[in-house]
Q: 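Quick one: the structure is below, and I'll ask about it shortly.
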Amino acid sequence: MTLTCRRSVLRAGAGAAGAAAAGALAAGCEAGPGSPAPAPSVGAPSGPAATARPAAPRPAPGPHRFAGLPVQITHGPRDRPRVALTLHGQGDPATARAVLAEAERRGARLTVLAVGSWLGAHPRLARRIVDGGHDLGNHTQRHLTISAMGEREAYAEISGCADRLRRLTGSIGTWFRPSRAQYATPLVQRLARRAGYPHVLSYDVDPLDFTSPGSPAVTRRITGEVRNGSVVSLHFGYADTVAALPALLDELDRRGLRAVTTTELLTR
């Protein structure tokens, strides 16, 4: 007990009341300098307040209705020097990342129509595509021949991929493209509208890169047909597509054609 504490005890007086006061003071004084601090109460925070959770990523853009355009779109305006490079989202994810990286390095933006089962196997690619500034859309859940399906099965293919996109990005995506078909049948167009897609995205340039003809052939076929407003069909998962991209972008630049998302292609 310190000197100060002894004096306090003596001043507390004699008798039972004084003894009780002295005992209380003595007990309180024992926690002097260097003594352990009292244990925190149960449930009290033991350190700085927990760091706030990072904000959830913004939902990806959703479908847009373009007034005056048909339900099925094959190309954009022919009076502006823009083209859309669209890719079927399936195949080796490393090849997909390589295509995205090369496009971004050159300032190009793409439109990726992803297969739902592919996104299920590689879910991080959904945000990778959106965060890279590209359009992300729906290319059915399993990439089967949708035009040969009945109404219920075909709708399940469209809505299944839409649900996957919504879970991964907060949106059903900007576009729908039918699987294994350049054009959607009237039934598939109607089902796509029911699922929330005002338009179906087709294309007017197809280099058949999925047949692996070699990167020079891919580049030659595209540059032989591409013009203002063209929508080009390409595929992730094929080495020829990756290898062709630098030469293709060089040629587009030489012609004054800019590779943009399909949304930008159609926006006036």
Q: Determine whether a donor-acceptor pair (N or O, by modelled atom type, separation under 3.5 Å) exists between the side chain of Thr145 and the backbone of Ala148.
A: no
Q: State plainly whether the residues Arg268 and Asp79 are in salt-bridge range, i.e. N to O under 4.0 Å.
A: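 Asp79 and Arg268: salt-bridged.
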Q: Measuring from Cys161:SG to Leu165:CG, what's the distance to the nearest 0.5 Å?
A: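 Cys161 SG to Leu165 CG: 4.5 Å, rounded to 0.5 Å.
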Q: May I ask whether Phe176 and Val130 are part of the same hydrophobic cluster, defined by side-chain heavy atoms of I, L, V, M, F, W, Y residues being less than 4.5 angstrom apart, directly or through others?
A: yes
Q: Please check if any side-chain donor atom of Thr140 sits under 3.5 Å from a side-chain acceptor atom of Ser179, or the reverse.
A: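 Yes - a donor-acceptor pair under 3.5 Å links their side chains.
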Q: Among all residues two or more places apart in sequence or in another chain, which pass the side-chain hydrogen bond (donor to acceptor under 3.5 Å, both in side chains) test with Arg180?
A: none
Q: We want to know whether Arg127 and Thr169 form a side-chain donor-acceptor pair, criterion being a heavy-atom distance below 3.5 angstrom.
A: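 No, Thr169 and Arg127 have no side-chain donor paired with an acceptor closer than 3.5 Å.
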Q: So, does Ser230 use its side chain to make a donor-acceptor pair with the main chain of Val232 at under 3.5 Å?
A: no
Q: Indicate the atoms forming the closest heavy-atom contact of Ser215 with Asp240, along with that distance.
A: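 That closest heavy-atom pairing would be CB-O, 3.6 Å.
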Q: Working to the nearest 0.5 Å, report the span between OG of Ser202 and CD1 of Ile73.
A: 10.0 Å
Q: Could you walk me through whether Leu87 and Thr241 pass side chain to side chain contact (heavy atoms under 4.5 Å, CB included), step by step?
A: CA-CA 10 Å; Leu87 289 110; Thr241 306; 4.3 Å; yes
Q: A side-chain contact here means heavy atoms from C-beta on lying under 4.5 Å apart; do Gln141 and Arg164 qualify?
A: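 Answer yes - side chains close enough.
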Q: Taking atom types as modelled and ignoring hydrogens, do the side chains of Glu104 and His134 form a donor-acceptor contact shorter than 3.5 angstrom?
A: yes
Q: With side chains defined as the heavy atoms from C-beta onward, is the minimum distance between Arg109 and Val260 less than 4.5 Å?
A: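 No, side chains not in contact.
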Q: Does Asp209 come within less than 4.0 Å of Arg221, counting only side-chain N to carboxylate O?
A: no
Q: Ignoring hydrogens, what is the shortest heavy-atom contact between Pro63 and Gly196? Give both atom names and the distance.
A: CG-O, 3.4 Å
Q: Salt bridge or not for Glu264 and Arg80, using N-O below 4.0 Å?
A: no
Q: I need the His139 NE2 to Ile158 CD1 distance, nearest 0.5 Å.
A: 12.0 Å
Q: More than 12 foreign heavy atoms under 6.0 Å from CZ of Arg255: is that the case here?
A: yes
Q: Parallel, tilted or perpendicular: which fits the ring planes of Tyr238 and Phe210, with parallel below 30° and perpendicular above 60°?
A: perpendicular
Q: Work out which heavy atom in Thr174 is nearest to a heavy atom in Gly62; give both atom names and the distance.
A: CG2-O, 3.6 Å
Q: Could you report the tightest heavy-atom contact between Ile222 and Val205, atom names first, then the distance?
A: CA-CG1, 4.1 Å
Q: Please evaluate residues Trp175 and Asp135 with respect to the criterion side chain to side chain donor-acceptor pair (under 3.5 Å), reporting the C-alpha separation (whole Å), side-chain torsions for both, the decisive distance (0.1 Å), and the verdict.
A: CA-CA 8 Å; Trp175 300 99; Asp135 273 0; 3.1 Å; yes
Q: State, with a plain yes or no, whether a side-chain heavy atom of Thr261 is found less than 4.5 Å away from one of Leu110.
A: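 Counting from C-beta outward, Thr261 and Leu110 never come under 4.5 Å.
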Q: Starting at CG of Leu85, measure out to CG of Leu248 and round the result to the nearest 0.5 Å.
A: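 Here the rounded value is 6.0 Å.
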Q: What distance do His122 atom NE2 and Phe236 atom CZ have between them, rounded to the nearest 0.5 Å?
A: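 Output value for this atom pair is 11.5 Å.
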Q: Rounded to the nearest 0.5 Å, what separation is found between the CG atom of Asn138 and the CG atom of Leu113?
A: 8.0 Å
Q: In terms of side-chain heavy atoms, does Asp204 have a donor or acceptor partner in His75 at a distance below 3.5 Å?
A: no
Q: Between Arg106 and Asp250, is any pair of side-chain heavy atoms under 4.5 Å apart?
A: yes
Q: Which heavy atom in Gly256 sits nearest to a heavy atom in Pro81, and how many Å separate them?
A: O-CB, 3.3 Å
Q: Whether the side chain of Glu102 engages the backbone of Leu245 through a donor-acceptor N/O pair (distance < 3.5 Å, no angle test) should be reported.
A: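 Checked: no pair found.
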Q: What heavy-atom pair brings Asp206 and Ser233 nearest, and what distance separates the two atoms?
A: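 Taking Asp206 first and Ser233 second, the nearest heavy atoms are OD1-O, 4.0 Å.
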Q: Verify the distance criterion only: is there a donor paired with an acceptor across the side chains of Thr262 and Thr111 at less than 3.5 Å?
A: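 Yes, a side-chain donor-acceptor pair sits under 3.5 Å.
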Q: Which residue, Arg142, Arg152, His143, forms the side-chain hydrogen bond (donor to acceptor under 3.5 Å, both in side chains) with Glu157?
A: Arg142
Q: Apply the test ring pair (Phe, Tyr, Trp, His ring centres under 6.0 Å) to residues His199 and Tyr197: give CA-CA distance (whole Å), side-chain angles for both, the deciding distance (0.1 Å), then the verdict.
A: CA-CA 5 Å; His199 302 284; Tyr197 301 97; over 10 Å; no
